[in-house]
Amino acid sequence: GMSRSPVEPALLPDGRRGPPSRRTGHGSSRDGERVLRKGMAAAPIAAEVHHALGLLLVGQKRLTEALQQLREADSLRPDQARYALAHALALDALGQRAKAMETLTRSYRGHPHDRDLLFALATFSRNRGRMQDAIRYAKELVGVAPEDPGAKQLLKELESRQGGNS
């Protein structure tokens, strides 16, 4: 029979900027569709390449350049928590602490059970003296990863500090 599948909403571009870089300029709409689909397939790869290059540059202590790459990966695939996390860590390393926290909280809204995000949110909050936020994130982390001794350790440390402060 005819196997024409409807367009999957998941395949539509998700807020990515601009048209594909290579325009056909002429030809049928089917050509146009092929070009667009190729562009969509390339976006995750592009994000991964930016991310990998960013991490490489971090390793070479070229933080400003690294930040550009990690930001680009995050903006191409805002649905990927690990890109947001790397972006936030680079921002933090460059002293852009408010932006780093913004990046983490934005990603957290889409990935409330991501261990690495929760750990980063707890430690970033602690480093900013926001102990109640830190404890809340650490409790969420223990809830998500009850078998992780690092999570329990972090919560214990935060609660003992909180006790000393109040």
| remark: From the list T105, V144, L104, L141, side chain to side chain contact (heavy atoms under 4.5 Å, CB included) partner of L117 resolves to L104

| Is it the case that one hydrophobic cluster holds both V58 and V49, taking links as side-chain heavy atoms less than 4.5 Å apart, direct or via other members? | no

| What do the steps show when you test I135 against Q132 for side-chain contact (heavy atoms from CB on, under 4.5 Å), and what is the final call? | CA-CA 5 Å; I135 287 170; Q132 280 169 321; 5.8 Å; no

| query | Any ion pair linking R106 and E102 (charged N to carboxylate O, less than 4.0 Å)? | reply | no

| How close do A134 and A122 get, heavy atom to heavy atom, and via which atoms? | CB-O, 3.4 Å

| remark: Here the gap from K152 atom NZ to E147 atom CD, rounded to the nearest 0.5 Å, amounts to 7.5 Å

| note | Of all heavy-atom pairs linking A138 and L158, the shortest is CB-CD1, 3.6 Å

| request: Any chance you could measure R82, atom CZ, to H111, atom NE2, to the nearest 0.5 Å? | output: 11.0 Å

| Gap between atom CD of Q69 and atom CG of L56 - 0.5 Å precision | 10.0 Å

| request: Could you tell me which non-hydrogen atom of F124 sits nearest to which non-hydrogen atom of A100, and how far apart they are? | output: CE2-CB, 3.8 Å

| field | Hydrophobic cluster membership, L70 vs L94, 4.5 Å side-chain cutoff | value | yes

| note | One should read off an interatomic distance between Q153 CD and D148 CG, to the nearest 0.5 angstrom, of 10.5 Å

| note | CG of L63 to CG of L91, rounded to nearest 0.5 Å, is 10.5 Å

| query | With a 4.5 Å limit on heavy-atom distance, are the side chains of Q68 and L57 in contact? | reply | no

| Lys/Arg-Asp/Glu bridge criterion (N-O < 4.0 Å) met for D74, R71 | no

| note | Residues G54 and A66: closest non-hydrogen pair is O-CB, 3.4 Å

| message | So for atom NZ, which belongs to K139, do other residues, nucleotides or ligands contribute more than 12 heavy atoms lying within a distance under 6.0 Å? | response | no

| query | Does L76 share a hydrophobic cluster with L53, counting links as ILVMFWY side-chain heavy atoms below 4.5 Å and allowing steps through other members? | reply | no

| If every non-hydrogen atom of A81 is compared with every non-hydrogen atom of S107, which pair is closest and at what distance? | CA-OG, 3.6 Å

| Where do A47 and R77 come nearest, in terms of heavy atoms and distance? | CB-CG, 3.4 Å

| task | Quick one: pull up CE in M101 and CG in D133 and give me the separation to the nearest 0.5 Å. | result | 6.5 Å

| request: Can you run down the ring-ring contact (aromatic ring centres under 6.0 Å, His included) pairs that involve residues 62-108, sequence neighbours left out, and say none if there aren't any? | output: H51-Y83, Y108-Y137

| field | Chi angles and distances behind the side-chain contact (heavy atoms from CB on, under 4.5 Å) call for E157, R126 | value | CA-CA 10 Å; E157 178 216 317; R126 175 197 64 197; 3.4 Å; yes

| query | Between R115 and L118, does a side-chain contact (heavy atoms from CB on, under 4.5 Å) hold up when you go through it step by step? | reply | CA-CA 5 Å; R115 286 182 198 212; L118 287 169; 5.9 Å; no

